[in-house]
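In what follows, a single structure is set out as structure tokens and then discussed.
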Amino acid sequence: MVLESHEQCRLRGLNPDELPKYTEWFSKEELESRQAHYKDVIEVISLFVDKFLSSVPGDPFLVAITDDKGFILEFKGNPSIISKVRQLGITEGVRFSEELSTNAIDLCLRNDLPVQLVGEDHYHKVLHQLACYTAPIHAEDNGQLLGTLSLMTDIQSAHPHLLALLCTIVDSIERELLLHKQNTQLQILNQVLLETNYYGVIITDARGSILEINDNSTFILGMAIHEKRFIVGTSVFHMSRIGPYFERVILHGESCVGEEVSIMVEDKLNYYMLDVVPIYDNEQLIRVVGSLRDITEMKMTEELLRNSEKLGFAGQLAVSIAHEIRNPMTTVKGILQLSSKTTNPHYYNLMMSELERMNAIVGEFLILGRPQAIQYKDEQCAVILQEVLSVLEMQFEMNGIVIRTQFIESTTIPCDRDQVKQVFLNILKNAMEALPFGGEINVLLDIVDHYQRIQFMDNGVGMTEEVKQRIGQPFHTTRRDGNGLGMMMVDKIVSSHNGRLVVSSELGIGTIVEVWFPAS
């Protein structure tokens, strides 16, 4: 390689008696940019170079770091030899290329081999008093050529073992670069995992001892953030909600992915998707990572979809059976009316009222089955409410229920009169159902924030939180003979009128239902 390089120098007409002429170099900005790009590599190399130079203090050694194109990025070494090479034009930023002359850096990069040039191996005579050793530096994981590390000294200090020493240093540098890269990746991964706001993350060792837990996990598991330092080092098996899943993975080697768990968070039941994943190193379990992802909203969406399916089914059912029921009902009603003179009046009235009730139930199904044409008009809310109360007055009295009304302020609301009547009727019927042994129903009418508020308050049996959460869902009812459509219709009508429905209840104390309609 050296002889061939010398021949090329002669063919190019280079004069060995002159100084080498450097034709390529970085500007100050380019050098700073390249040094920043190689920052991690330079830092790792400097650790090993500093150790080597500290072991040979005062000896004329210079170490140079270049990139993969042969540009010198940094010098380290004895000040006297650094001063000497600067006089030769060798500074940070210059490039050692094939056109320069025979040099160890170019030969090393072109052949990807360690190279030594001692004395007259250099083409230019001014370099005959120097010995240069260069070894290539590769990325350990993919073999990419990163640059070179060069050792320069005077010829009196030259020794064949210096190249072997340099290659040993480079091997250590390459391993350290790989470890540094892996540690950086692990640090980034660890930061992404533990600092995310979307997941709760728990990391344990192979025995289930907690090594890391992020703030989101402590919140989900009902612990204060300052308690984290007490949690680290304890066994994950003691955590009742997630411990059994870690046991399955650690003790039994079972997979645990996509497990749904429910956890009470701040008095609210939340749903989470739990994944517990083992981490192996050469088939040996070293870590276990558990992650909790909040799927409460997804569960609510699924519930809404199921309700939509129920509504769709109810609509199809309503359309298919409405005529089948109403036709015989019309016939029976007509015959009863014809025979009214010969039928006991008490039985006649009872049968007619039951037929009307059946007709009303069918009507509720028909509302599900086809959209209703809403005729909006400005109506006095108090008048509509009073009409409904008058209709139910007799039933209140028969059931031992005292109805108290307080009409503080009334206004007109844009509404479909019949549908608003249906809202009040359904709410009051539910209130009566909650008072099987009599009681009180208080009705309040007032105006709040440009809304007509109608409040119905009873002192009945009340509802559990679970029952209250499912109000308005089709076919959900606590009555044995109920169909769960009454409050669903209330919710649907109030929403179609741009209003809102608010329900509060306490078991054994009573229920308050508020209906808010926007004022005209």
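In this chain, numbering begins with 1 at the start of the sequence shown.
Residue V94 comes nearest to G89 through the heavy atom pair CG1-O, 3.9 Å, listed as atom of the first residue, atom of the second, then distance. Pairing each heavy atom of P518 with each of Y451, the nearest pair is N-CD2, 3.5 Å. Shortest non-hydrogen contact noted between I242 and V236 is CD1-CG2, 4.2 Å. For the residue pair D205 and V288, the shortest heavy atom distance occurs at O-CG2, 4.2 Å. Of all heavy-atom pairs between T102 and D121, the closest is CG2-O, 3.7 Å.
A salt bridge is defined here as a Lys NZ or Arg NE, NH1 or NH2 lying under 4.0 Å from an Asp or Glu carboxylate O, and E43 with K39 meets this definition. Classification of D171 and R175 as a salt-bridged pair fails, no side-chain N sitting under 4.0 Å from a carboxylate O.
Put simply, the side chain of Y38 gets close to the backbone of L146: a donor and an acceptor are under 3.5 Å apart. In this structure, the side chain of T168 engages the main chain of A164 through a donor-acceptor pair within 3.5 Å. For N103 (side chain) and S101 (main-chain N/O), a donor-acceptor pair under 3.5 Å exists by modelled atom type. Counting only distance, with no hydrogens or angles, the side chain of N214 and the backbone of V201 share a donor-acceptor pair below 3.5 Å. No donor-acceptor distance shorter than 3.5 angstrom exists from the side chain of E247 to the backbone of P244, with no hydrogens or angles considered. No donor-acceptor distance shorter than 3.5 angstrom exists from the side chain of S33 to the backbone of E29, with no hydrogens or angles considered. Distance alone, capped at 3.5 Å, is enough to place a donor-acceptor pair between the Y123 side chain and the L14 backbone. Side chain of S46 to main chain of I42: a donor-acceptor pair is present (N/O by atom type, distance under 3.5 Å, no hydrogens or angles). Listed for the H122 side chain is a donor-acceptor partner under 3.5 Å among the backbone atoms of L127.
Annotation: side chain of F61 is in contact with side chain of L151 (closest heavy-atom distance under 4.5 Å).
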Full working for side-chain contact (heavy atoms from CB on, under 4.5 Å) between L149 and L166: CA-CA 8 Å; L149 185 65; L166 183 65; 3.8 Å; yes
Might you work through the salt bridge (charged side-chain N to carboxylate O under 4.0 Å, His left out) test for K21 and E99, ending with a clear yes or no? CA-CA 9 Å; K21 294 180 180 180; E99 286 74 18; over 6 Å; no
Intermediate values then yes/no, side-chain contact (heavy atoms from CB on, under 4.5 Å), V513 and Q455: CA-CA 6 Å; V513 179; Q455 185 184 82; over 6 Å; no
Check the pair E260, Y271 against side-chain contact (heavy atoms from CB on, under 4.5 Å), reporting the backbone distance first and the verdict last. CA-CA 7 Å; E260 186 179 305; Y271 295 91; 4.0 Å; yes
Take D68 and R95 through the salt bridge (charged side-chain N to carboxylate O under 4.0 Å, His left out) test and state the conclusion after the steps. CA-CA 10 Å; D68 59 339; R95 184 186 182 197; over 6 Å; no
side-chain contact (heavy atoms from CB on, under 4.5 Å) between W516 and Q452, worked out: CA-CA 6 Å; W516 297 62; Q452 179 77 79; over 6 Å; no
Walk me through it: do D67 and K69 pass the test salt bridge (charged side-chain N to carboxylate O under 4.0 Å, His left out)? CA-CA 5 Å; D67 67 4; K69 303 297 182 185; over 6 Å; no
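Judged by the 6.0 Å and 45° rule, R287 forms no cation-pi pair with Y280.
Heavy atoms from other residues, nucleotides or ligands lying under 6.0 Å from NE2 of H161 number 12 at most.
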